[in-house]
**Student:** 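Take a look at this one; I'll ask things after.
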There are 2 protein chains.
Amino acid sequence: MIMDKDKIDKKDHILDVAERVFSEKGFDGASTRLISGEAGVNMAMLNYYFGSKEGLFLEIFERKISSFQNILQNLGNDDSMSSWSKMETYIDMYGEKVVRNNCFQKLLYQEMGMNRRNDLSDKLRDMLLKNVTELDKILREGIAKGEFKTDIDIPMVIATLYGTKNYIINTPLMSSALLGYSIQDDDMIETKLKPQIKSFMKNLLKAYLLN
Amino acid sequence: MIMDKDKIDKKDHILDVAERVFSEKGFDGASTRLISGEAGVNMAMLNYYFGSKEGLFLEIFERKISSFQNILQNLGNDDSMSSWSKMETYIDMYGEKVVRNNCFQKLLYQEMGMNRRNDLSDKLRDMLLKNVTELDKILREGIAKGEFKTDIDIPMVIATLYGTKNYIINTPLMSSALLGYSIQDDDMIETKLKPQIKSFMKNLLKAYLLN
DNA sequence: TTACTTTAATCAATCGTTTGATTAATTTTG
DNA sequence: CAAAATTAATCAAACGATTGATTAAAGTAA
């Protein structure tokens with residue numbers, strides 16, 4: 001139905017705007033008036049659609065969580081690839097995600113940091129852990145097959161992989177000064193940052209993991 | 001004078017409390033009533049001492065910035081140490097800081113992320129860059145001396161070092177699940193996390209940097 | 001009509017800030 | 001010295017503004 005389609009599109013549009021505004025201002029800093037204003041809808045619509053500000057906030061995550069489900073699957077079960085090839089594939093995929101979902105990533109780790117809304121924090125942790133599990137599987141397999149060193153610190157490798165990316169994304173001012181080019185610029189991200197992250201991460205982990 | 005001492009102590013006490021509350025709730029989430037309540041002072045004292053909520057917020061950083069000045073100095077100028085020894089020393093010092101200033105670190109990178117208050121963001125960036133410069137110097141020297149590989153990516157190494165630490169500190173829920181022990185527990189941080197971070201970072205960078 | 005959507009107006013609560021009064025400490029004056 | 005004047009510190013109460021939320025009425029489509 002046309003109505004339903006419009007309704008869904010409008011909800012989705014509000015969610016898109018809210019995601020950006022929340023990531024820019026934080027939960028408390030983003031007022032419902034600002035969000036509704038930027039989305040071009042009446043303030044009451046937020047409560048009409050999402051019940052409350054917190055409901056809107058939660059739905060942003062719900063939407064992403066469900067879209068995250070089918071990513072990175074079955075990479076660990078492929079027996080035709082070497083563990084290191086799997087790692088390279090993982091790094092490439094993760095490097096691509098650097099740009100996409102940029103402001104959601106910011107919002108995600110911002111929320112993970114302040115651990116109010118404990119039910120949500122737990123959900124997000126589980127969601128991220130699911131992504132991490134695949135990586136964990138690859139690393140364990142590499143060790144078992146004798147491809148990787150036996151004394152590698154798996155949790156720390158994961159922390160390094162995600163921490164490096166977050167550091168760059170979440171502190172663009174700092175990172176731009178560090179890297180020598182603006183990572184606020186989409187073109188720069190595409191042509192310089194993404195290749196640089198992928199290349200570095202492969203070299204770094206190759207040196208640490210491989211025998 | 002007795003007066004001045006008390007006054008300074010009280011201001012410092014407010015700053016300590018505010019630092020913690022801001023890091024827990026964010027700037028907008030931390031109300032002046034909550035901060036003054038936790039500090040055990042009248043609400044009006046915040047404005048009396050710091051002019052405004054933002055003034056209080058800024059002074060937290062001013063205080064830390066000045067205390068950061070004399071740290072990490074002259075490490076790069078020591079010619080008796082190898083570049084790698086300097087790196088190890090740097091990692092140890094940075095590992096020690098993981099616990100200390102824990103909530104300030106959180107506050108710092110939280111503020112760097114949301115880049116309103118642009119004047120402050122620039123100050124913080126410069127302050128962090130000053131810390132980073134020392135590390136940069138060590139890395140360049142190591143390359144020049146032939147101790148390190150010639151093709152290392154200095155900015156990314158720095159991002160990895162700080163990113164890994166931030167990831168662990170800023171997402172305690174996630175990291176605890178990942179590492180297998182609670183990093184909310186001070187004792188665990190001291191006995192397990194600190195050694196693990198130091199050891200891992202040395203092994204990781206040794207593999208990447210050294211010939 | 002009936003059911004759903006959107007709007008402007010309004011709500012109580014909370015926000016950061018300011019006020020005037022009061023007390024405590026310091027300096028000035030005689 | 002002591003009395004008076006000045007300054008600093010602290011407080012409860014209240015301010016206007018803004019918050020998230022709700023309402024009742026108007027609009028829209030079937």
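Note that the structure is a prediction, hence the values are computed from the model and not measured. Throughout, protein chains are lettered first and strands after them, A, B, ... in sequence-line order, and every chain is numbered starting at 1.
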**Student:** Under 6.0 Å from the ring centre and within 45 degrees of the ring axis: does the NZ or CZ of A/Lys53 meet both conditions for the six-membered ring of A/Phe22?
**Tutor:** no
**Student:** Can you label the angle between the B/Tyr109 ring and the A/Tyr167 ring as parallel, tilted or perpendicular, going by 30° and 60°?
**Tutor:** tilted
**Student:** What integer distance in Å separates A/Lys11:NZ from C/dC4:P?
**Tutor:**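 Those two atoms, NZ and P, are 15 Å apart.
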**Student:** If only atom types and distance count, is the side chain of B/Asp136 paired as donor or acceptor with the main-chain N or O of B/Val132 below 3.5 Å?
**Tutor:** no
**Student:** Please encode protein proximity along nucleotides 6-21 of chain C as a string of B, S and -, counting only heavy-atom distances under 4.0 Å.
**Tutor:** BBB------BBBBB--
**Student:** Sequence neighbours left out, what passes salt bridge (charged side-chain N to carboxylate O under 4.0 Å, His left out) with A/Asp16? Give chain and number order.
**Tutor:**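 A/Asp16 satisfies salt bridge (charged side-chain N to carboxylate O under 4.0 Å, His left out) with A/Arg63 only.
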**Student:** Got a sec, which residues hit side chain to side chain donor-acceptor pair (under 3.5 Å) with B/Asn47, two or more places apart in sequence or on another chain?
**Tutor:** none
**Student:** Taking CZ from A/Phe50 and P from C/dT5, how many angstroms apart are they, rounded to a whole number?
**Tutor:** 13 Å
